[in-house]
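Positions are given from 1, in the same order as the sequence printed here. Predicted model, so just to flag it, every value in this text is computed and none were measured.
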Amino acid sequence: MKFRPLHDRVLVKRVEQEEKSSGGIIIPDTAQEKPMEGKVVGVGTGTRHEDGTITPLDVKAGDRILFGKWSGTEVKMDGDDLLIMKESDILGVIDGGGKKKKK
């Protein structure tokens, strides 16, 4: 199924978190918090102003982003759990592909 968000909406797929804590404890699904990090799957055309001009969005498909804990509306498409949210719900873009630094 193809889906294209409208206007200032963004389609996001959550990034799966590890099931182990840093100490090696396995965390069951019921105790895990939903990740607040995701990958942009699709974006709308932009924000339309009263004079008819369109301001394009700052994010693009493929960007890794951080968003608020309660942001967006959950939808299921082709078996994937996705979120549809406004661009204003996005807190920022993660540069560098989200790789963790070794200590």
Side-chain angles (χ1 to χ4, degrees):
M1 173 190 307
K2 286 217 164 215
F3 178 82
R4 183 179 53 88
L6 297 176
H7 308 296
D8 64 340
R9 302 285 197 292
V10 180
L11 184 65
V12 177
K13 181 173 184 175
R14 287 187 197 267
V15 175
E16 296 298 322
Q17 289 184 323
E18 302 239 354
E19 294 181 7
K20 285 187 182 181
S21 69
S22 58
I25 297 171
I26 297 176
I27 304 168
D29 289 339
T30 55
Q32 287 183 2
E33 287 190 21
K34 291 185 179 180
M36 296 186 307
E37 184 178 332
K39 183 176 180 182
V40 176
V41 177
V43 296
T45 55
T47 306
R48 184 179 302 273
H49 301 283
E50 290 181 15
D51 63 358
T53 60
I54 295 176
T55 303
L57 303 181
D58 289 331
V59 295
K60 61 187 179 310
D63 283 349
R64 287 178 71 96
I65 60 167
L66 287 177
F67 49 88
K69 187 178 258 188
W70 308 110
S71 298
T73 301
E74 294 183 0
V75 294
K76 191 167 204 133
M77 286 187 221
D78 295 334
D80 288 332
D81 291 325
L82 302 171
L83 287 168
I84 300 173
M85 65 180 69
K86 288 190 167 208
E87 186 187 34
S88 59
D89 291 338
I90 297 173
L91 303 175
V93 178
I94 300 171
D95 290 328
K99 294 179 183 175
K100 293 183 179 178
K101 294 181 182 178
K102 291 185 179 180
K103 292 182 180 179

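Here the CZ-NE2 distance, from R48 to H7, works out to 6.5 Å after rounding to the nearest 0.5 Å. Rounding to the nearest 0.5 Å gives a distance of 12.0 Å between CZ of R4 and CG of L11. Rounded to the nearest 0.5 Å, atoms CG (D8) and NZ (K86) are 5.0 Å apart. For the atom pair CD1 (I94) and CD1 (I65), the distance works out to 8.5 Å, reported to the nearest 0.5 Å. In this structure, CG in D89 is found 9.0 Å from OG1 in T73, a value given to the nearest 0.5 Å.
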So R9 and M85, side chain to side chain contact (heavy atoms under 4.5 Å, CB included) or not? Walk me through it.
CA-CA 5 Å; R9 302 285 197 292; M85 65 180 69; over 6 Å; no

Yes or no on side chain to side chain contact (heavy atoms under 4.5 Å, CB included) for L91 and M36, after CA distance, side-chain angles and deciding distance?
CA-CA 10 Å; L91 303 175; M36 296 186 307; over 6 Å; no

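Considering only residues two or more places apart in sequence or on other chains, T53 meets the side chain to side chain donor-acceptor pair (under 3.5 Å) condition with D51. Take D63 and apply the salt bridge (Lys or Arg N to Asp or Glu O under 4.0 Å) test, not counting sequence neighbours, and it matches K60. When the salt bridge (Lys or Arg N to Asp or Glu O under 4.0 Å) test is applied to D81, the partners found at least two apart in sequence or on another chain are K76. For K13, the salt bridge (Lys or Arg N to Asp or Glu O under 4.0 Å) partners at least two apart in sequence or on another chain are D80. For T47, the side chain to side chain donor-acceptor pair (under 3.5 Å) test picks out no residue, with sequence neighbours left out.
Closest non-hydrogen pair, V41 versus A61, comes out as O-CB, 3.7 Å. In terms of heavy-atom proximity, G72 sits nearest to L83 at C-CD2, 4.4 Å.
Side-chain contact between F3 and L82 is absent, with no heavy-atom pair separated by less than 4.5 Å.
No continuous path of hydrophobic side-chain contacts links I54 to L57 [ILVMFWY only; heavy atoms under 4.5 Å].
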